[in-house]
Structures are given as structure tokens and as C-alpha cells.
Amino acid sequence: MDTPEWPATEAEAVAVQERLRGQVRAEAPSGFRPKTATGLDVHYTDVLTAAVCTIDLETLEVVDSATCVGPESFPYIPGLFAFRELPLLLRALEQLTTPPEVLVCDGQGLAHPRRFGLACHAGVLTGIPALGVGKNALGDFDPPGPRRGDWSALTDGGEVVGRALRTQDDVKPVFVSVGHLVDLDTATDLVLRLTPRYRLPETTRQADHLARR
DNA sequence: GCGACAG
DNA sequence: ATCTTGTCGC
């Protein structure tokens with residue numbers, strides 16, 4: 001992949017988001033039936049460790065993984081989160097043996113103040129379908145029903161930008177949004193398939209585990 | 001103006 | 001994100 005342009009200032013980063021967000025496609029390719037999903041996560045110590053982990057959607061077993069260590073590329077600023085982690089994550093993705101079919105990002109996609117969160121950014125730069133699963137939301141939502149699979153709309157400025165999705169009975173929901181080349185129904189379905197047992201997707205859990213070693 | 005703010 | 005023990009439950 002080409003080396004992405006990387007901003008040095010907050011204003012430049014915002015400008016990059018506003019220029020790239022027009023490329024987001026909130027629609028899955030026809031016949032999109034991924035057999036695997038790839039989780040992305042970063043662990044913070046004195047340096048960053050990025051881990052990516054591909055999981056078989058049928059067995060939920062890890063079939064491929066890679067890690068990458070390096071410095072942060074940008075300070076953490078809410079709304080500009082992707083600029084901190086993405087360069088390292090992209091390097092880790094390049095080390096995978098098999099090309100990812102869909103990226104499951106730890107954070108938001110369209111559920112972002114400028115509609116261009118980490119999942120959109122990762123999807124647009126790689127051209128790979130992507131979705132975001134956040135542990136916390138930036139927008140507004142009413143609590144979904146109490147059972148696994150129940151969901152409610154996540155909105156921002158009156159616009160639906162994602163879903164608050166209950167992945168386990170009586171457990172705090174996760175926040176699902178489109179990143180790129182998927183629709184919200186497909187994203188929701190994938191997240192439920194990845195969460196038969198725990199609140200967070202198996203992709204995120206495995207990537208997190210990998211990044212801590 | 002003040003506080004809140006994905007990870 | 002991270003600083004941190006024990007404890008309850010499957």
C-alpha cells in the first residue's frame with residue numbers, strides 16, 4: 001500500500017478526515033460472505049504494540065496474526081484517535097499471510113463527530129470492508145433491551161450513525177458502526193457472530209491478548 | 001465560558 | 001489506554 005499522508009497538526013488531521021470521508025461506502029459488495037474477520041488492537045506502554053488477528057467466523061479460532069512495535073504517530077486527541085494507531089496497525093496488517101476479508105476495529109466508524117472514525121479510516125486506506133466496535137459511544141442513544149441481540153439507534157445531531165448493541169444478556173452494550181464497504185445490518189450480524197460468549201468480539205479479545213505479550 | 005471527550 | 005486484589009460464578 002502507498003504510505004498514507006500523515007498530518008503533523010490537529011488542523012491538518014481534521015482536514016484529512018474531511019477530505020477522505022467522501023470515499024466511505026456504507027454498503028457491502030454484492031455477495032459479501034466473509035469466512036474470516038480480522039481484529040485490530042493497540043496496547044500502550046512506553047511504545048505502542050499493534051496486534052492484528054484473523055479469526056475463522058465458523059470456529060472462532062485464530063487462523064493468522066501479526067504484531068508490530070513502534071512509536072506513536074500522533075498524540076491522542078478525541079476525534080483524531082486514528083492518527084495515533086493507524087500507521088502501526090497498517091504495518092501489522094501487511095505482515096498477515098492471508099489478506100483480511102473484513103476489519104473489526106476497536107473504536108468508532110461513522111459514529112464520529114466528522115463521520116470518519118478509525119474504522120472508516122482503516123477501511124478507506126486499505127480498501128477492505130471495515131466496521132467499528134466501541135466500548136463507549138460519542139453519540140446519543142436510549143438503552144437497548146436487556147437481551148443479547150437487542151439494539152437501539154446511536155445518533156449524533158439527529159442522524160443515525162450506528163447502534164448500541166447488547167451482545168450479552170444484562171451486560172453493557174457495545175457501539176457498532178459502519179467503517180467502509182459494509183452496511184449496518186451486516187456489521188451488526190458479524191458482531192453478534194463474534195460474541196457468542198463475551199461482551200467484546202472474539203477478534204478484539206484475541207488481538208488485545210496478543211498485543212499484551 | 002465550562003465540561004465532556006473512541007483509545 | 002493505564003494505575004490494581006480479592007472475589008464471585010460457571
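Letters A, B, ... are given to chains in the order of the sequence lines, protein chains preceding strands, and every chain is numbered from 1. Being a predicted model, the structure only gives us computed values, none of them experimental.
Taking 4.0 angstrom as the limit, R212(A) places a side-chain polar atom (N or O) nearer than this to OP1 or OP2 of dT2(C). OP1 or OP2 of dC5(B) has not a single side-chain nitrogen or oxygen of N136(A) nearer than 4.0 Å.
Ring-to-base geometry does not place Y76(A) in a stacked arrangement with dA1(C) (centre distance under 5.5 Å, plane angle under 30° required).
Following chains of ILVMFWY side-chain contacts shorter than 4.5 Å, one cannot reach V47(A) starting from L89(A), and the two form parts of different hydrophobic clusters.
The distance from atom CG of L86(A) to atom P of dG7(B) is 16 Å, rounded to the nearest whole Å. At whole-Å resolution of the value, CD in E85(A) and P in dT2(C) are 11 Å apart. Per the geometry, CZ belonging to F175(A) stands 11 Å off P belonging to dA6(B), to the nearest Å. Atom CG of D156(A) is separated from atom C1' of dA6(B) by 12 Å (rounded to the nearest Å). Rounded to whole angstrom, the span from the CD atom of Q108(A) across to the P atom of dC5(B) amounts to 13 Å. Note: NE2 (H112(A)) to C1' (dG7(B)) measures 12 Å, nearest angstrom. Distance, L200(A) CG to dA6(B) P: 15 Å, rounded to whole Å. Atom CG in L138(A) sits roughly 11 Å away from atom C1' in dG7(B) (whole-Å rounding).
Residues F141(A) and F175(A) bring their aromatic ring centres within 6.0 Å. Aromatic pair H121(A)/F83(A): centroids less than 6.0 angstrom apart.
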What are the atom names and distances for every N/O pair under 3.5 Å that joins the protein to nucleotides 6-10 of chain C?
none

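Across all strands shown, G79(A) has heavy atoms under 4.0 Å from base atoms, whether or not it also approaches the sugar-phosphate. Heavy atoms of L80(A) sit under 4.0 angstrom from at least one base atom. The residue G134(A) sits close only to the backbone: its heavy atoms come under 4.0 Å of sugar-phosphate atoms, none of a base. No contact: I77(A) has no heavy atom under 4.0 Å from any strand. Using a 4.0 Å heavy-atom distance criterion, H43(A) is classed as a sugar-phosphate-only contact.
Across all non-hydrogen atoms, the minimal contact from L138(A) to P113(A) is CD1-CD, 3.6 Å.
With sequence neighbours left out, the side chain to side chain contact (heavy atoms under 4.5 Å, CB included) criterion links D189(A) to R193(A).
Put simply, the side chain of V161(A) does not reach to within 4.5 Å of the side chain of S177(A), judged on heavy atoms.
More than 12 heavy atoms of other residues, nucleotides or ligands lie within 6.0 Å of CD in E18(A), so this atom counts as buried by the packing criterion.
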